[in-house]
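Here is the structure we will look at, set down as structure tokens.
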Amino acid sequence: MNVSIIGGTGYVGLITGLGLAIHGNNVICMDTDLRKIETLNNGELPIYEEGLAELLKEATDRNKIVFTNCLKTAVNKSELIMLAVGTPEGKNGETDLSHLVQALKLVANQIDSYRTIVIKSTAPVGTCEMARTIIKDHLKNRFTPFDVVSNPEFLREGNAVRDFLKPERIVIGVDVYASEVIMKELYQSFDVPIVLTDTRSSEMVKYACNAYLATRISFINEISEISEKVNADVHAILEGMKLDKRIGELYLNPGPGFGGPCLTKDLKSLISFAGKANAELPLLKAVLERNEVQISNIIDYVISELQDVRGKKIAVLGLSFKAGTNDTRNSPAVHLLEKLLEKLLDTKILIHVYDPVVKSIEEPLNSRVVFPKNIEDTLRNADCLIVMTEWPKFKELDLEKIYHLMRTPLIVDTRNIFPYRKVYSLGFRYKGIGIASKRFETIQSTLEKSIV
Ligand code: UDX
């Protein structure tokens, strides 16, 4: 099938385009970002994703992919036009659909025979119907037939290529039978369950999934806070929960709260458009609130532990919103730095940051922190180590070496990557997520008994 992806060099568009190309389709990835088009035409990638370079090479070698900034080419050469343009957060949490609307108008102006228009971008319920109206109003020839289809994506950063090539299901929202046939043909070679719904339900599936995932994270972070207050251990609690098949063990890791470009944005959008439909959503509003509390609790702890912070050094490991990616959009680590520097403005606090793939951030933060070239320099003479992401190279650190490198042995482990009993027995002060500090007194007294 001939497929064009509008917004084809963005995160979703590029992975979708390359994935469809190696499934045998002739794909045109169109984008207005000339720089990215040139990068891709030079065989390089504008984003980092494991396995993406191999996809690009295979699709290029098989002549199955074209990158262009020409919309006319993209629309005229393909019978299926997929829109994967950005739908960023707008005012009051609403989704900004301006890029999508603009793309729909331009596509409508181009089509002169039947096209299936697929909305891949995450957009509020009712967007396909809006798209139908916009296309009808902007058709070059008002009798040109077309259909609009919803086809949401479920890609996780750091895992996106696998998520596209081996999805657990494909969701397709159609309102007429003709486009159902075309979409089933497009995804037939994936050999996974296809969930066929109307467009509104398909649009809602995406929001329901992300809202549920965010709820799981806020839930386990709240259980962690209780665990800390009642002298329990969240790891043990999770052991007792996960064997219940209704709960499972995935996506229940305590942490600094969810970040990234999607979960927060999609939750706010859902709350916004549901509110317009007179649904108040107290639970999902609380999920967002819990997420805010999570990072402020960590900051309050650091400031309270450091007391007089003048001339002290904080080491932060991890800047992206999670391990496995270089994306710092809505990163808890960036929020932590912003809030710490705001609270400690006149103390000239020194913050050293190390991330395996992120080597700088936007101003004004960038000039307020130091980026040492390695972990050792980052930790040397530090008065507090804050672990913000769970990169394997952080988990493998030699704790005894860290103890002697730091000036004050204090670790705030927001990802629980270190074995807290060992950390404490080495003499660190340690804060994990969901681990009661009282548990350390038990370890301490056991240690003292063993020394006596
Ligand atoms: C998410 C959804 O998983 C994906 O299906 C959707 O298409 C886009 O949004 P993504 O944001 O890329 O994907 O990453 P994800 O792995 O879901 O992590 C989101 C945030 O939650 C990260 O900050 C991560 O650190 C955090 N998280 C995730 C936890 O704190 N605990 C967990 O158990 C899982």
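Distance alone, capped at 3.5 Å, places no donor-acceptor pair between the Thr95 side chain and the Leu97 backbone. Looking at Arg415, its side chain does come within 3.5 Å of a backbone N or O of Met388 through a donor-acceptor pair. Put simply, the side chain of Asp96 gets close to the backbone of Ser98: a donor and an acceptor are under 3.5 Å apart. Of the possible polar contacts, one joining the Ser218 side chain to the Val287 backbone as a donor-acceptor pair under 3.5 Å is found. Proximity of a side-chain donor or acceptor of Glu203 to a complementary backbone N or O of Gly126 within less than 3.5 Å is detected. Looking only at distances, no side-chain donor or acceptor of Asn69 sits under 3.5 Å from a matching main-chain atom of Leu34. Checked by atom type and distance alone, the side chain of Arg115 pairs as donor or acceptor with a backbone atom of Ser78 at under 3.5 Å. Between the Asn92 side chain and the Glu94 main chain, no donor and acceptor come within less than 3.5 Å of each other. Put simply, the side chain of Asn221 gets close to the backbone of Gly255: a donor and an acceptor are under 3.5 Å apart. Of the possible polar contacts, one joining the Asp163 side chain to the Arg156 backbone as a donor-acceptor pair under 3.5 Å is found.
Qualifying ring-ring contact (aromatic ring centres under 6.0 Å, His included) partners for Tyr187, counting only residues two or more places apart in sequence or in other chains: Phe190. In terms of the side-chain hydrogen bond (donor to acceptor under 3.5 Å, both in side chains) criterion, Glu342 has no residue partners (sequence neighbours excluded).
Remark: Glu153 engages Lys206 in a salt bridge, criterion side-chain N to carboxylate O under 4.0 Å. Note on Lys431 versus Glu305: no salt bridge recorded, every NZ/NE/NH1/NH2 to OD/OE distance being 4.0 Å or above. Salt bridge Lys395/Asp413: absent, no basic N to carboxylate O contact under 4.0 Å. Under 4.0 Å is where a charged nitrogen must lie from a carboxylate oxygen, and between Glu280 and Lys285 at least one such pair does. One finds no salt bridge joining Asp198 and Arg200 here, because no Lys/Arg side-chain nitrogen approaches an Asp/Glu carboxylate oxygen to under 4.0 Å.
More than 12 heavy atoms of other residues, nucleotides or ligands sit less than 6.0 Å from atom NZ of Lys265. More than 12 heavy atoms of other shown residues, nucleotides or ligands fall within 6.0 angstrom of atom CD in Glu396. The number of heavy atoms from other shown groups lying within 6.0 Å of CG (Asp244) is above 12. Crowding of Lys77 atom NZ: a count of heavy atoms from other residues, nucleotides or ligands under 6.0 Å not exceeding 12. No more than 12 heavy atoms of other residues, nucleotides or ligands sit less than 6.0 Å from atom NZ of Lys57.
Remark: of the listed residues Glu157, Glu50, Glu49, Glu54, Glu50 is the sole one forming a salt bridge (Lys or Arg N to Asp or Glu O under 4.0 Å) with Arg162.
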The test is side-chain contact (heavy atoms from CB on, under 4.5 Å); show your working for Phe273 and Leu270 and say whether it passes. CA-CA 5 Å; Phe273 72 74; Leu270 178 57; 3.5 Å; yes

Applying side-chain contact (heavy atoms from CB on, under 4.5 Å) to Leu196 and Lys184, what does each step give before you reach the verdict? CA-CA 9 Å; Leu196 209 56; Lys184 279 184 172 173; 3.9 Å; yes

Test side-chain contact (heavy atoms from CB on, under 4.5 Å) on Asp147 and Tyr114 and set out the steps. CA-CA 8 Å; Asp147 285 315; Tyr114 177 80; 2.7 Å; yes

For Ile37 and Thr68, what are the C-alpha separation, side-chain angles and deciding distance, and is it a side-chain contact (heavy atoms from CB on, under 4.5 Å)? CA-CA 6 Å; Ile37 293 290; Thr68 177; 5.6 Å; no

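In this structure, Val75 and Ser4 approach most closely via the heavy-atom pair N-OG, 4.5 Å. The minimum heavy-atom distance linking Leu281 with Ile271 is given by the pair CD1-CA, 3.6 Å. Here the shortest heavy-atom pairing between Ala21 and Arg62 reads O-NH2, 4.2 Å. The shortest non-hydrogen separation linking Leu83 to Ala103 is CD2-CB, 3.6 Å. Among all heavy-atom pairs drawn from Ile411 and Phe418, the shortest one is CG2-CD1, 4.1 Å. Contact detail for Leu100 and Val85: the closest heavy-atom pair is CA-CG2, 3.6 Å.
You'll find the side chain of Glu180 stays beyond 4.5 Å of the side chain of Met183, heavy atoms only. Taking 4.5 Å as the limit, some side-chain heavy atom of Val171 sits within range of a side-chain heavy atom of Phe154. In this structure, Thr389 and Ile417 have side chains that are not in contact, with every pair of non-hydrogen atoms separated by 4.5 Å or more. Put simply, the side chain of Ile220 does not reach to within 4.5 Å of the side chain of Ile237, judged on heavy atoms. Within the 4.5 Å cutoff, side-chain heavy atoms of Phe258 are placed close to those of Leu267. Looking at Ile351 and Arg368, their side chains never come closer than 4.5 Å, going by heavy atoms from C-beta outward. Considering only heavy atoms from C-beta on, Ile217 comes within 4.5 Å of Leu263 through its side chain. Using a 4.5 Å cut-off on side-chain heavy atoms (C-beta onward), Pro152 and Tyr207 make no contact.
Between the NE2 atom in His138 and the OG1 atom in Thr133 there is a gap of 11.0 Å [rounded to 0.5 Å]. To the nearest 0.5 angstrom, Met82 atom CE is 11.0 Å from Ile6 atom CD1. Distance check, rounded to the nearest 0.5 Å: CD1 of Ile111 to NZ of Lys140 gives 9.0 Å. The line from CD of Gln294 to CD1 of Ile433 is 5.5 Å long, rounded to the nearest 0.5 Å. Taking CG from Leu55 and CG from Leu45, the interatomic distance works out to 9.0 Å, rounded to the nearest 0.5 Å. To the nearest 0.5 angstrom, Asn151 atom CG is 6.0 Å from Ile172 atom CD1.
For the residue pair Thr264 / Asn330, a side-chain donor-acceptor distance below 3.5 Å is found, with atom types taken as modelled. A donor atom on one side chain and an acceptor atom on the other are found under 3.5 Å apart for Ser367 and Glu363. Side chains of Thr199 and Asp175: a donor-acceptor N/O pair is present below 3.5 angstrom, by distance only. No donor-acceptor contact under 3.5 angstrom links the side chains of Asn141 and Asp112, judged on distance only.
Taking the six-membered ring for Trp and thresholds of 30 and 60 degrees, His235 and Tyr420 have nearly parallel ring planes, at less than 30 degrees apart.
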